[in-house]
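Input: a single structure, listed below in structure tokens.
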Protein chains: 2
Amino acid sequence: MAGRRATINDVASLAGVSIATASKALNGRQDVRASTRQRVLAAAEELSFQPNALARGLLSGQTRTVGLLTSDSAGRFGIPVLLGAEDAFGAGEMAVLLCDARGDAIREQHHLRALLSRRVDGLIVVGESTNPRLSVSRDLGVPVVYAYGPSDDPEDVSFVPDDVGGAAMAMNHLIALGRRRIAHVTGPEHYKAARDRVAGVALALSEAGLEQAGDTLWGTWSQRWGRHAAEMLLMAQPEIDAVFCGSDQVAAGFVEAVRERGRRVPDDIAVIGYDNWEVLSTETRPALTTVDMNLELLGRTAAQHLFAAIDGRATPGVHRMPCQLVIRDSTASSA
Amino acid sequence: MAGRRATINDVASLAGVSIATASKALNGRQDVRASTRQRVLAAAEELSFQPNALARGLLSGQTRTVGLLTSDSAGRFGIPVLLGAEDAFGAGEMAVLLCDARGDAIREQHHLRALLSRRVDGLIVVGESTNPRLSVSRDLGVPVVYAYGPSDDPEDVSFVPDDVGGAAMAMNHLIALGRRRIAHVTGPEHYKAARDRVAGVALALSEAGLEQAGDTLWGTWSQRWGRHAAEMLLMAQPEIDAVFCGSDQVAAGFVEAVRERGRRVPDDIAVIGYDNWEVLSTETRPALTTVDMNLELLGRTAAQHLFAAIDGRATPGVHRMPCQLVIRDSTASSA
DNA sequence: CGGGTTACTGAAAAGGGTTTCGAAAAATAT
DNA sequence: ATATTTTTCGAAACCCTTTTCAGTAACCCG
């Protein structure tokens with residue numbers, strides 16, 4: 001804690017040069033004799049000089065800092081996106097200002113103002129669900145990229161998981177395994193994620209010329225609902241041979257109830273989950289086949305596109321990022 | 001995106017005053033006529049003027065920004081601490097620079113330098129476990145508070161959960177319920193959290209004049225280990241009437257295996273977990289009694305103490321934050 | 001009407017770095 | 001030796017805000 005922090009002035013006087021020369025030497029510019037540069041570098045080292053990012057930013061207008069605005073970072077989905085973004089930024093020498101609005105619009109405005117006054121170079125807005133959210137980009141003056149939850153303004157840049165594709169991928173896997181009486185148990189209808197997956201299911205079924213086994217069962221994203229749905233389904237349609245669940249939680253509950261009823265997974269009924277939430281998907285018995293939304297990659301991609309947008313190369317629109325099927329025992333071939 | 005951003009200069013000319021007057025008017029200082037202030041405020045509003053935090057920080061030497069350095073924010077424990085801290089800072093108009101070192105010392109140094117060059121007012125270091133970690137405070141020039149994982153330097157300020165007290169609290173609950181043959185299944189011995197809880201168990205047992213049922217079973221923090229431990233335990237010591245598990249994951253596996261063996265929870269065997277990881281503790285059947293480490297509160301407290309430290313009122317040492325017992329069905333009175 | 005207050009206002013400096021431009025020094029050409 | 005070019009260096013402006021300090025105008029009182 002050596003009292004005051006060293007400035008370039010201190011470095012310059014210790015090296016016996018002007019601050020202009022010191023600056024050039026430190027930043028690797030031309031027009032500095034090698035021996036002089038050597039002296040300046042040594043002086044900087046001795047004083048453990050760190051250029052003041054505030055002064056630098058004030059002059060250049062670039063803070064090399066981005067804001068990360070999340071509505072609900074407590075949620076499972078925000079975190080991986082956030083980590084992916086942080087990772088991409090860290091590699092690019094960018095710093096991340098984290099703001100959690102806790103789903104409160106007032107707080108969001110407040111954070112937005114704070115970020116703007118700190119002159120961030122750009123902004124990533126991480127949604128709490130894949131439902132479109134109000135755009136904040138209007139008149140903001142800095143580029144914004146939306147991740148997970150897209151903006152409602154098509155002019156904005158958004159990155160979301162391709163839930164339609166993910167669901168279709170899961171269904172195609174079941175169909176390829178020879179399952180023909182496939183049910184679909186999912187979460188609340190007001191989630192776009194749930195509706196998109198319904199669309200993906202329909203797509204895959206119609207391509208295969210199949211009918212869904214019964215109506216889609218809407219519920220909650222909970223294990224409890226998975227159990228309940230399993231009980232209803234085994235009663236009403238005991239002939240089903242596969243179920244696509246809207247989340248790993250639902251799938252975990254479903255599997256548990258199926259086993260308790262004396263039916264086997266995957267032999268009698270194959271089960272697929274969604275999210276690849278590893279604490280759940282790998283710990284259930286049998287381990288869950290599930291759809292991974294690659295959220296960390298999504299966050300990283302969003303961050304990279306924010307870089308591009310900062311450089312003036314924005315790519316407006318909603319970009320759907322492919323999901324990935326992770327195959328485990330709950331759909332193992334009943335060979 | 002109105003081209004350049006408005007400066008106080010623009011506000012001043014629009015209001016027809018000098019920049020000094022504008023500044024005073026905006027900051028609510030004396031020596032400005034009410035009508036003049038009114039005009040300035042209107043001008044600022046019209047230009048949507050936001051004072052440049054860089055210029056302000058450069059002058060005052062205070063950035064109203066703190067660094068949050070985590071080793072592993074992917075972990076379950078870092079997140080709540082982080083959220084609590086972010087919450088406390090947000091309320092105090094502070095901004096949070098998030099850095100995740102991913103457990104890499106080089107990356108940590110790099111982030112540390114970046115934070116310092118941005119002139120953060122303080123730093124919170126969030127550990128990935130409660131094992132003590134290398135101090136970063138030496139010669140840093142800004143106050144540092146450690147959360148969850150304490151610093152190895154007793155001169156530093158650290159906040160950690162009181163695992164000894166938490167474990168004792170759990171055991172006392174079992175003892176109060178009349179259980180007398182209590183076993184302890186926990187995670188790897190190289191975790192200080194596991195060792196502390198062993199100490200808490202011993203404390204509670206000796207106070208009650210009881211012996212532990214068998215040796216402590218060390219394993220991993222997984223559900224798999226919980227199941228395995230249950231199988232071993234039911235074989236070797238079928239007389240046990242309660243188990244204290246080192247985590248909710250272990251407890252969930254334990255409960256599952258116990259039920260499969262035809263023994264009832266809590267009637268035959270009461271089970272307590274640790275962490276209060278709600279997706280697990282509330283979804284198992286029966287729902288788990290568990291110890292909550294109040295991590296969000298811990299993060300908030302750490303943040304508040306960082307404020308104090310920034311004001312020069314540091315309170316060195318390791319502060320243990322009390323845990324809280326959350327009682328659910330897995331220890332329900334078998335009345 | 002002059003002296004002493006009081007109420008405002010504005011010029012200027014400071015904070016730390018980068019960059020431009022001009023000047024000095026050194027090297028080369030004439 | 002002088003003229004010209006090249007290299008190296010330093011003074012000063014600039015980024016934006018806050019704050020100090022000096023100055024102006026209005027006001028009150030004698």
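A, B, ... follow the sequence lines: proteins, then strands. Residue 1 opens every chain. Since the structure is predicted, the reported quantities are computational estimates derived from the model, not experimental observations.
Taking atom CG of Leu59(B) as the reference point, atom P of dA12(C) lies 18 Å away to the nearest angstrom. For the pair Leu54(B) CG and dC14(D) C1', the computed distance is 15 Å after rounding to whole Å. Per the geometry, CD1 belonging to Ile19(B) stands 9 Å off P belonging to dT17(D), to the nearest Å. Atom P of nucleotide dT17(D) and atom CZ of Arg118(A) are separated by 15 Å, given to the nearest angstrom. Going from atom CD of Gln62(B) over to atom P of dT17(D) covers 19 Å, rounded to whole Å. For Arg37(A) and dC9(D), the CZ to C1' distance is 13 Å, given to the nearest whole Å. Atom pair Asp31(A):CG and dT6(D):C1' shows a separation of 10 Å (rounding to whole Å applied). For Leu58(B) and dG16(C), the CG to P distance is 7 Å, given to the nearest whole Å.
Contact check, Arg33(A) against dC9(D): a side-chain N or O comes under 4.0 Å of OP1 or OP2. For dC16(D), neither phosphate oxygen OP1 nor OP2 lies less than 4.0 angstrom from any side-chain nitrogen or oxygen of Arg56(B). A sub-4.0 Å separation between OP1 or OP2 of dT18(C) and a side-chain N or O of Asn27(A) is present. Put simply, Thr21(A) has no side-chain N or O that comes within less than 4.0 Å of OP1 or OP2 on dC9(D). The side chain of Ser18(A) contributes an N or O atom lying less than 4.0 Å from OP1 or OP2 of dG10(D).
The CG atom of Leu123(B) sits 10.0 Å away from atom CD1 of Ile310(B), with the distance rounded to the nearest 0.5 Å. Atom CZ of Arg5(B) and atom CZ of Arg119(A) lie 5.0 Å apart (nearest 0.5 Å).
Each of dT18(C), dG10(D), dT18(D) was ranked by its minimum atom distance to the side chain of Ile8(A); first place goes to dT18(C). The side chain of Ala55(B) lies closest to dG15(C) when the candidates are dT9(C), dG15(C), dG16(C). The side chain of Phe49(B) approaches dT17(D) more closely than any other nucleotide in the set dG17(C), dT18(C), dT17(D).
Using a distance-only test at 3.5 Å, with no hydrogens or angles considered, no donor-acceptor pair links the side chain of Asp311(A) to the main chain of Ala308(A).
Arg118(B) and Thr65(A) share a side-chain donor-acceptor pair at under 3.5 Å. Between the side chains of Asp153(A) and Ser135(A), not a single donor N or O lies within less than 3.5 Å of an accepting N or O.
Nucleic acid contact for Thr36(B): sugar-phosphate only, since backbone atoms but no base atoms lie under 4.0 Å from a heavy atom of the residue. Within 4.0 Å of Asn52(A), counting heavy atoms only, lie sugar-phosphate atoms of the nucleic acid but no base atom.
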